[in-house]
**Q** 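Structure provided below as structure tokens; questions to follow.
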Amino acid sequence: SFPAGNAKMYKVTVVGSGNWGSVAAKLIASNTVKFGSFHDEVRMWVFEEKLPSGEKLTEVINKTNENVKYLPGVKLGKNVVADPDLENAVKDANMLVFVTPHQFMDGICKRLAGKIRADAEGISLIKGMEVKKEGPSMISNLITKQLGINCSVLMGANIANEIAMEKFSEATVGYNQNKSAADRWVQLFCTPYFNVTAIQDVEGVELCGTLKNVVAIAAGFVDGLEMGNNTKAAIMRIGLKEMMAFSKMWFPSVKDSTFFESCGVADLITTCMGGRNRKVADAYARNGGKKSFDELEAEMLHGQKLQGVLTAQEVHEVLRDRGWQHMFPLFSAVHAISTGRLPPSAIVKISEEKPR
Ligand SMILES: NC(=O)C1=CN([C@@H]2O[C@H](COP(=O)(O)OP(=O)(O)OC[C@H]3O[C@@H](n4cnc5c(N)ncnc54)[C@H](O)[C@@H]3O)[C@@H](O)[C@H]2O)C=CC1
Ligand SMILES: O=C(CO)COP(=O)(O)O
């Protein structure tokens, strides 16, 4: 913990309140009351919506201490305060935790520019990227560029519902230069059942978390087609190699060792076994592609969002711009299948293309 002079120096706001956002708020809230350097209260920005009962989600969270829509049955901690006003939620915070589906972050950052504290530090738990002329641009970079703050990342084998039940897992913080900020993030997130390690490779950690969602879609196709464990293991192996090759192509500083942290191979395994991307891709293959991913997402996830299909699209765009699709047969097949241009069975045709 921090010296007495730092008492209540840090105030945390969580920007986002979906499945993982709510669990992150719960983890953090258990620590802000434990360590003297943090204000007890954790603000959580909620994208406001009306529940079928007619009540507002924010009001129900504050009344019941539960996110009844995205994490039902789990108490968040009395010190979590839901706030529907984005600007108000961030204005006093100097530790900002970003955890929304990645497609909403550009709009959120535009709204937040100039509205946050000058001494704020950020951390992104978001898996996804933006497409720029020069190639992939990660969400931590969007936050840094638009808000002018340092931004670390936290990724790992972290299926939110399991962490909500306080089952043991690990995570990786990726940081740039600011080691003391990284140590503070580790302290904020670490609990006896959530073991966090910091490494100096922000892009590597974020690319792992982002790209494994594309592989998870492929694993879901294999499951939906009932192709068995060996095929699924092959897909995961090929996927890991494409993740490494893609990351190093655009970000040469990415370290090999990062892929062996929780954010790498461990997240790939858990997501291919038990994640939402896997689940919806399984249903897509079982339906023979007759229902679109958007339809299945709405039917099966009740407001939760997939990241893998959109990420496959983003990966496709940056590869197409350079003419490099042939070097990434698995990523390219996931995009072609998820957009209906190839049948789900095409996921195993990639072996003919000599994967790297
Ligand atoms: N759920 C999980 O197990 C894990 C998720 N993640 C990542 O965390 C990020 C956030 O995911 P979750 O918390 O699971 O969210 P979610 O997918 O459970 O929920 C969707 C969220 O988006 C919000 N939303 C809907 N429309 C919006 C809009 N127009 N503007 C802003 N927000 C809007 C909803 O209110 C809801 O909070 C994603 O990048 C995901 O990949 C990372 C690790 C684990
Ligand atoms: O990122 C995750 C686990 O770390 C969750 O993956 P899904 O979004 O596929 O559920």
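Position 1 is the first residue of the sequence; numbering continues from there. Atoms within a ligand are numbered from 1 in the order they appear, just like the ligands themselves. Bear in mind the structure is a predicted one, so any value in this text is a computation, not a measurement.
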**Q** So, 4.0 Å and heavy atoms of E49: is ligand 1 close enough to count as a contact?
**A** yes
**Q** Of the backbone atoms (N, CA, C, O) and the side-chain heavy atoms from C-beta on, which set of N158 has a member under 4.0 Å from an atom of ligand 1: side chain, backbone, both, or neither?
**A** backbone
**Q** Is ligand 1 less than 4.0 angstrom away from at least one heavy atom of G303?
**A** yes
**Q** Classify the angle between the aromatic ring planes of F47 and F104 as parallel (below 30°), tilted (30 to 60°) or perpendicular (above 60°).
**A** parallel
**Q** Output the set of protein residues with a heavy-atom contact under 4.0 Å to ligand 2, ordered first by chain identifier and then by residue number.
**A** K127, G156, N158, I159, K212, D267, T271, G275, R276, N277
**Q** Any idea which of L125, V46, T271 brings a heavy atom closest to atom 7 (C) of ligand 1?
**A** L125
**Q** Check whether any heavy atom of R276 sits under 4.0 Å from an atom of ligand 1.
**A** yes
**Q** Please list all pairs passing the salt bridge (charged side-chain N to carboxylate O under 4.0 Å, His left out) test where one or both residues lie in residues 155-166, with sequence neighbours left out.
**A** K26-E166
**Q** How far is atom 41 (O) of ligand 1 from its nearest protein heavy atom, and which residue and atom name does that atom have?
**A** Q307 CG, 3.3 Å
**Q** Identify the protein heavy atom lying closest to atom 9 (C) of ligand 1, giving its residue, its atom name and the separation to 0.1 Å.
**A** T100 O, 3.6 Å
**Q** Taking atom 22 (O) of ligand 1 as the point of reference, which of G18, P101, A25 owns the nearest heavy atom?
**A** P101
**Q** Name the orientation class of the two ring planes belonging to F328 and F246 (parallel below 30°, tilted from 30 to 60°, perpendicular beyond 60°).
**A** perpendicular
**Q** If the cut-off is 4.0 Å to any non-hydrogen atom of A160, which atoms of ligand 1 fall inside it?
**A** 1 (N), 2 (C), 3 (O)
